[in-house]
Number of protein chains: 2
Amino acid sequence: MASIKDVAGRAGVSVATVSRVLNDKGYVSEESRKKVQQAIKDLNYKPNAVARSLFNKQSKTIGLMVPDIMNPFFPELARAVEDTLAELGYTVILCNSDEDTDKEQSYLEMMMQKYVDGLIVSSNTLSAERVKEFKMPIVSMDREIAKGLPSIIVENKKGAKMAVSFLKEKGRKRIAHIRGPHSVGNAIDRCEGYREVVGGEPWFKESYIAYGNYDMKTSINATIKLLKLHPEIDGIFAANDISAIGAIKAVHKLGKKVPEDVAIVGFDGITLSEATTPELTTIAQPIYEMGEKAAKMLVEMIKQQQVEQTIYRLDVQLIERQST
Amino acid sequence: MASIKDVAGRAGVSVATVSRVLNDKGYVSEESRKKVQQAIKDLNYKPNAVARSLFNKQSKTIGLMVPDIMNPFFPELARAVEDTLAELGYTVILCNSDEDTDKEQSYLEMMMQKYVDGLIVSSNTLSAERVKEFKMPIVSMDREIAKGLPSIIVENKKGAKMAVSFLKEKGRKRIAHIRGPHSVGNAIDRCEGYREVVGGEPWFKESYIAYGNYDMKTSINATIKLLKLHPEIDGIFAANDISAIGAIKAVHKLGKKVPEDVAIVGFDGITLSEATTPELTTIAQPIYEMGEKAAKMLVEMIKQQQVEQTIYRLDVQLIERQST
DNA sequence: TTGAAAGCGCTAACAT
DNA sequence: ATGTTAGCGCTTTCAA
């Protein structure tokens, strides 16, 4: 691999001049520039990014930390982030945290040691303090880690209300909710949204809210229990698409039909929701747009060396399909 | 951020000594070692990875290049790779190539510039020459890019034969195939496997092989056409799970039932295949294991500085579910 | 057993 | 307009 010295030698100038044309900084005569460019071509020279990083304390690399890339919400997000960042000249490091504090910590340390320029993170376990002491631009996805920390979130409560209202409009009289983890902000918001729409109904019971943990197995079991206890239920709002798919399976297992006997609405709009039978009606988040926005914000922050204090709350959209 | 100089100063030794204890290389008196370790603790010193890379020409980073992380096959692979590599002290850079030669090229250049230590790649467009001139350990997934290049592949033909034989055992008399792209090796192998089992049957027709392109929309249309042309078809082997899901949808659209009227077997064993109704019978690849193996092989290669000339051909497994 | 110093490839003062 | 040089933080020879 040719180095800047080789280029300088071949062009008959000093390394400083080469550096100047490389970075288009300072004065360089047209003649020298030509010679340097020629030498660069001849040698197929590519600047050494590591040497640059050492000097600049920047690596043109950002970290993307998600709980688990296998969770179907994240591939699309990762794709959006990577697309956008690649366009802007950045490289993406993938981290699966499993929401494990120790793993998170070691990823953070690795990032500092490698001069990673910034971090896009979706986590419920990363505390505000640890983020603070980690002096690096951060954008948080799907959750406000700390006041004043840039975040991309969606209208969770509003979306939940849309979902439940939609079930009502469709003539459903007993609407249950499969909720997500108690510790997760968006699960709380979505549950609140549900409550606001049907919590005051005369038929409403606390036991209409079952715990699905955002996962399929738990949701299947929860739904079966729910429907056995309350056979009158004719509509379900599941807090995410995975839970909704679990609910569909449970309904089928009990010999009932979706949507005839029980109509189901999910939340997220992951690709999976189109692959099921029946296809899932869902509250779609603009996942790709979220990733794109996060990436752009982060780069802004990196360039300005100052943290924008913004929260982007993106809108959600009801996609009606066969499950309702 | 404390540097090695700070540590040396605080410990009252030279930076060389600090480096020695850091890397556990060369002679260090017990006393000096203690002092250095204490200083490291006091200062919460972490070695600067970039400076190390500059010297070592290694970055403890590897690239993972996939066509598209949104393709449901790859998240699990990425997870396996990342888990394994993180365990071994490596960081993973994610690249979505879209099988686009230009994108691939610029990723490769970025990797050279950043002293990336190796590459795990799944691509049908990366040519043998480009890989050769890219002097860096590479493991190829799901495809042999060049003779002698380490690859992880699966028993595609054998799996296809298993799938089709299984349909026969289940009493299916007219078995069709939804094939993948003509340019993709594993699609060719799977199609061959299909042919070997039923190509000699008296009822076999060339038009029983439809083109699904490994994608859902195309497979839906192909299946609809197929079943309209040949209503006698009672079994379908789809070359991947996405196609199989498309086939299920198509069968439903035509008012027929899976598996009563048409039994369907897929290939891949992606998580998605469990989420459908009916759940998909499929030939499962050991996806996680493939990623793990690839990562371990790559690290071996990096450490030994020499390329092992091995091809791992992993076995596949029939998972019987509701679609048959 | 330890330290001084060169060097990895680059950028940016500073001089000229 | 250009070159010389120090320095980014580390590792490793070489000498002591």
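Not measured: the values here are computed from a predicted model. Just the heavy atoms: all of them, side chains too, but no hydrogens, waters or symmetry mates, feed the values below. Numbered from 1 within each chain, the chains take letters A, B, ... in sequence-line order.
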Could you check how far [atom1] of [X] sits from [atom2] of [N], rounded to whole Å?
{"X": "Gln58(A)", "N": "dT11(C)", "atom1": "CD", "atom2": "C1'", "value": "14 Å"}
{"X": "Lys34(A)", "N": "dT2(D)", "atom1": "NZ", "atom2": "P", "value": "13 Å"}
{"X": "Lys114(A)", "N": "dC8(D)", "atom1": "NZ", "atom2": "C1'", "value": "19 Å"}
{"X": "Lys46(B)", "N": "dC10(D)", "atom1": "NZ", "atom2": "C1'", "value": "17 Å"}
{"X": "Ile4(B)", "N": "dA5(C)", "atom1": "CD1", "atom2": "C1'", "value": "14 Å"}
{"X": "Leu22(B)", "N": "dT12(D)", "atom1": "CG", "atom2": "C1'", "value": "14 Å"}
{"X": "Phe55(B)", "N": "dA5(C)", "atom1": "CZ", "atom2": "P", "value": "18 Å"}
{"X": "Leu54(B)", "N": "dG9(D)", "atom1": "CG", "atom2": "C1'", "value": "9 Å"}

Counting side-chain heavy atoms from CB outward, which of [options] is closest to [X]?
{"X": "Val15(A)", "options": "dG3(C), dT5(D), dG3(D)", "value": "dT5(D)"}
{"X": "Lys57(A)", "options": "dC14(D), dG9(D), dC8(C)", "value": "dG9(D)"}
{"X": "Lys25(A)", "options": "dT11(D), dT2(D), dA12(C)", "value": "dA12(C)"}
{"X": "Val28(B)", "options": "dT2(C), dT12(D), dC10(D)", "value": "dT2(C)"}
{"X": "Asn23(B)", "options": "dT11(D), dA1(D), dG9(D)", "value": "dT11(D)"}
{"X": "Thr17(A)", "options": "dT11(D), dT2(D), dG9(C)", "value": "dT2(D)"}
{"X": "Lys5(A)", "options": "dC8(C), dT2(D), dG3(C)", "value": "dC8(C)"}
{"X": "Ser32(A)", "options": "dT2(D), dC8(D), dG9(D)", "value": "dT2(D)"}
{"X": "Tyr27(B)", "options": "dG3(C), dT1(C), dA1(D)", "value": "dT1(C)"}
{"X": "Asn56(B)", "options": "dG3(C), dC10(C), dT11(D)", "value": "dT11(D)"}

Quick one: do Asp24(A) and Arg33(A) make a salt bridge, cutoff under 4.0 Å? yes
Pairing of Arg79(B) and Asp68(A) as salt bridge, 4.0 angstrom limit: yes
How do Ala51(B) and Arg33(B) order along DNA chain C: which one's closest nucleotide is nearer the 5' end? Arg33(B)
dG9(D) phosphate, OP1 or OP2: any side-chain N/O from Arg52(B) under 4.0 angstrom? no
Please confirm whether the shortest side-chain N or O distance from Ser29(A) to OP1 or OP2 of dA1(D) is below 4.0 Å. no
Should Tyr115(B) and Asn48(A) be marked as a side chain to side chain donor-acceptor pair (under 3.5 Å) after you check the CA-CA gap, both sets of side-chain angles, and the distance that decides it? CA-CA 8 Å; Tyr115(B) 284 153; Asn48(A) 181 317; 2.8 Å; yes
Tell me what Ser3(B) touches on the nucleic acid: a base, only sugar-phosphate, or nothing, going by heavy atoms under 4.0 Å. sugar-phosphate
Which is true for Val13(A) with a 4.0 Å heavy-atom rule: it touches a base, it touches only sugar-phosphate, or it touches nothing? sugar-phosphate
Could you tell me if Asn186(A) and Asp142(A) have a donor-acceptor pair between their side chains, going purely by distance under 3.5 Å? yes
Residue pair Gln58(A) / Ser53(A), side-chain donor-acceptor N/O under 3.5 Å: no
Please compare Arg20(B) and Tyr115(A) by the position of their nearest nucleotide in DNA chain D and report the one closer to 5'. Tyr115(A)
Return the minimal non-hydrogen interatomic distance between Ser59(B) and Lys114(A), and the atom names on each side. O-NZ, 3.2 Å
